[in-house]
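Heads up, the thing below is written out as structure tokens.
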There are 2 protein chains.
Amino acid sequence: MATIHDVARAAGVSISTVSYALSGKRSIADSTRRRVADAALSLGYEPHAGARMLAGTRTQIFAVTAPLRHDTYAPAHMAFVLAVATAARRHDYDILLLTEDEATKGLSRVASSRLVDGVIVLDVSVKDERIALARTLGVPTVVIGIPEDPDGLACVDLDFEAATRLAVDTLTDRGHRRFALLGHPDEIYERGSNFPIRVRDTFTAYAAEQGLDGRFLTSETDSAAVRATVDALLDSPEPPTALLMHSQESVQATVLDHVRERGVSVPDDLSVISVGSTFDTTRFSPALDVIPLLPHATCDAAVDMLVAALPEPPEPRVQYVAPEYRANGSIAPVPAP
Amino acid sequence: MATIHDVARAAGVSISTVSYALSGKRSIADSTRRRVADAALSLGYEPHAGARMLAGTRTQIFAVTAPLRHDTYAPAHMAFVLAVATAARRHDYDILLLTEDEATKGLSRVASSRLVDGVIVLDVSVKDERIALARTLGVPTVVIGIPEDPDGLACVDLDFEAATRLAVDTLTDRGHRRFALLGHPDEIYERGSNFPIRVRDTFTAYAAEQGLDGRFLTSETDSAAVRATVDALLDSPEPPTALLMHSQESVQATVLDHVRERGVSVPDDLSVISVGSTFDTTRFSPALDVIPLLPHATCDAAVDMLVAALPEPPEPRVQYVAPEYRANGSIAPVPAP
DNA sequence: CTGAAAGCGCTTACAG
DNA sequence: CTGAAAGCGCTTACAG
């Protein structure tokens, strides 16, 4: 392995000149720079990572803590890990993946050994031991998702409030006045889950504000429960013409199946939008309009925040990522009564 | 951050004694070891990772290259990444995740900067640019999966040959003589995919060897094609009593649906085993017996090989992981004619 | 059983 | 515009 000394010798300069020529941290005569670059290239020189960490102030590594929980939806989880890695590489950062059961132990270890310049916390849960740690880690940290108490933390997340209003607005623009939102099982709301509650509260408040009929429904995830929920909704007097779904993939699939079985056509009889989903709604029949989670936009923002925080600790704040509407043909103007 | 000097001062010894006391690399008086350990603990001392890399011979980091391809099945992919990380931690190793499009560039970079002590190559494809690189990387490398030409490489993989024979044996033990194997679309075999071909060839050879009726079928993945394939099979004279499936999840689900629609009962009329699957076959109805991919066993073996290879390059060889049979009630004795 | 010291390969003030 | 040198925090022969 070539060292900086080899490059210096080959280029006929000192090692400090090599260092500066390659880093661009001070002005170097063009001819010198060229000779150094040539020497480095022909020797296949790559600076020793450990030496850089020790002498410099940066390791060029971020830790990503991404614990796998029993209810983790693997494709979304991976999309986020991948998006973080891709964004990090654009800033010349590599990703150290921490998946340990005791996530805090791994975080403490890599932070206090100065292995990483920063930490990205993925997929925070309501009671997440990593959150308390993040405040005291001594290493810049950005959280993706919003914990119960985001005080003093730098967080990034999809703007679920805007997403919910966007879904409603899109449908009121087409004349809809009677809405339902199908959410997660009750248990999710009881244990204080972040996004579902934000979506629910935004929906009910916004519907009230606009004078809309806005019904909020929860359902267990088994097929029978979902079908019963759909039946109750469709059999009610003045059933809704517009349905938002913020629930898991299988539930949304079952809803569409059962609606079709009941002879209700999407979008002619019922307009449907999937809100805040991580899965591919074009595989449904019919394909659903969706306001999806945005792993790339979210992770780009998180990595940008982290890189900006390297000179000094990140400014605590919550940054919201703007939602995007993806039309797939599942909405239509309100049907004539 | 406490350094080794702080610990030495607090314990009243030299820094070399601290280093040896913590590493255990030479014998230390018990009382000294205790004082050092106490000092380290109370100061929250964690050795500087960069300094260790520079002075020592190990970085305690493995690179994992896990490119996401369009046909990557996310849950399996994640299971392998996670299993590697877990196995690595047992040897005090962290995982640097390389997902770049140009996988070779990332590998070269981390290898020549001496950032990692070893490399695990996940999910090798038939023509994988990482394979040629692995032979010349100058860093111990272990491949999970078996590339077209495994010469000179250390590889670990499920023993698909044994898995296939195990499936057949399990059914012949119950009297079955007429078998079908449903594989992937033709294209997969034409482009030389590794496992599907190994399963197919083992199946046909083993069936012939045992004097069994062993039909091999391929099918496109869309529902209509799968149903037509099932129809052709069931409508043939002397249809099989045992079906092995080595195909994607949705295809297996469709087969089960259509078999049920045709009034054929699993396992009473037809015994079914899923071979080499990465997904949860207990979610099917009926739940399927399966000889699954074994991420943990495979990744444990790979990490063990890599750790063993640290002092010297890994001995090139292909290590097969023994298959396991998981019964879920989808097989029965051959029905009376 | 323990210590003093060299040296790993960089970065970055300091000096000119 | 460039160089000589200190120093980052460890590990590990060398010495006793």
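Just so we're clear, the structure is a prediction, and the values are computed from it rather than from any experiment. Hydrogens, waters and symmetry mates play no part in the numbers below; they use all other heavy atoms, side chains included. Letters go in sequence order (proteins before strands), and every chain restarts at 1.
Atom CZ in A:R58 sits roughly 13 Å away from atom C1' in C:dT11 (whole-Å rounding). Rounded to an integer number of Å, the gap from A:I15 CD1 to C:dG9 C1' is 8 Å. Here D:dT11 presents its P atom at 12 Å from NE2 of B:H48, a figure rounded to the nearest Å. Residue B:R26 contributes atom CZ, which lies 14 Å from atom P of D:dA15 at whole-angstrom precision. Distance OH (B:Y20) to P (D:dT11): 9 Å, rounded to an integer number of Å. The nearest whole Å value for the distance from the CD1 atom in B:I4 to the P atom in D:dC10 is 5 Å. Atom-to-atom, CG of A:L22 to P of C:dT12 comes out at 13 Å; the value is rounded to the nearest Å. Going from atom CG of A:D30 over to atom C1' of D:dT2 covers 15 Å, rounded to whole Å.
OP1 or OP2 of C:dG3 has at least one side-chain nitrogen or oxygen of B:T17 nearer than 4.0 Å. A sub-4.0 Å separation between OP1 or OP2 of D:dT2 and a side-chain N or O of A:S14 is absent. Distances shown here put a side-chain N or O of B:Y45 below 4.0 Å from the OP1 or OP2 atom of D:dC10.
For the pair A:R135/A:T141, no side-chain contact is recorded, criterion being any heavy-atom separation below 4.5 Å from C-beta on.
Using N1 to N3 plus N6-O4 or O6-N4 for Watson-Crick, or N1-O2 and O6-N3 for G-U wobble, each under 3.5 Å, C:dT2 pairs with D:dA15.
A salt bridge links B:D6 and B:R9; the closest N-O separation between the charged side-chain nitrogens and carboxylate oxygens is under 4.0 Å. Between A:D92 and A:R58, no side-chain nitrogen of the basic residue sits less than 4.0 Å from a carboxylate oxygen of the acidic one, so the salt-bridge criterion is not met. Ion pairing between B:R90 and B:D300 holds under the 4.0 Å rule for side-chain N and carboxylate O.
Checking C:dA15, C:dT12, C:dG3 against the side-chain heavy atoms of B:S16 singles out C:dG3 as nearest.
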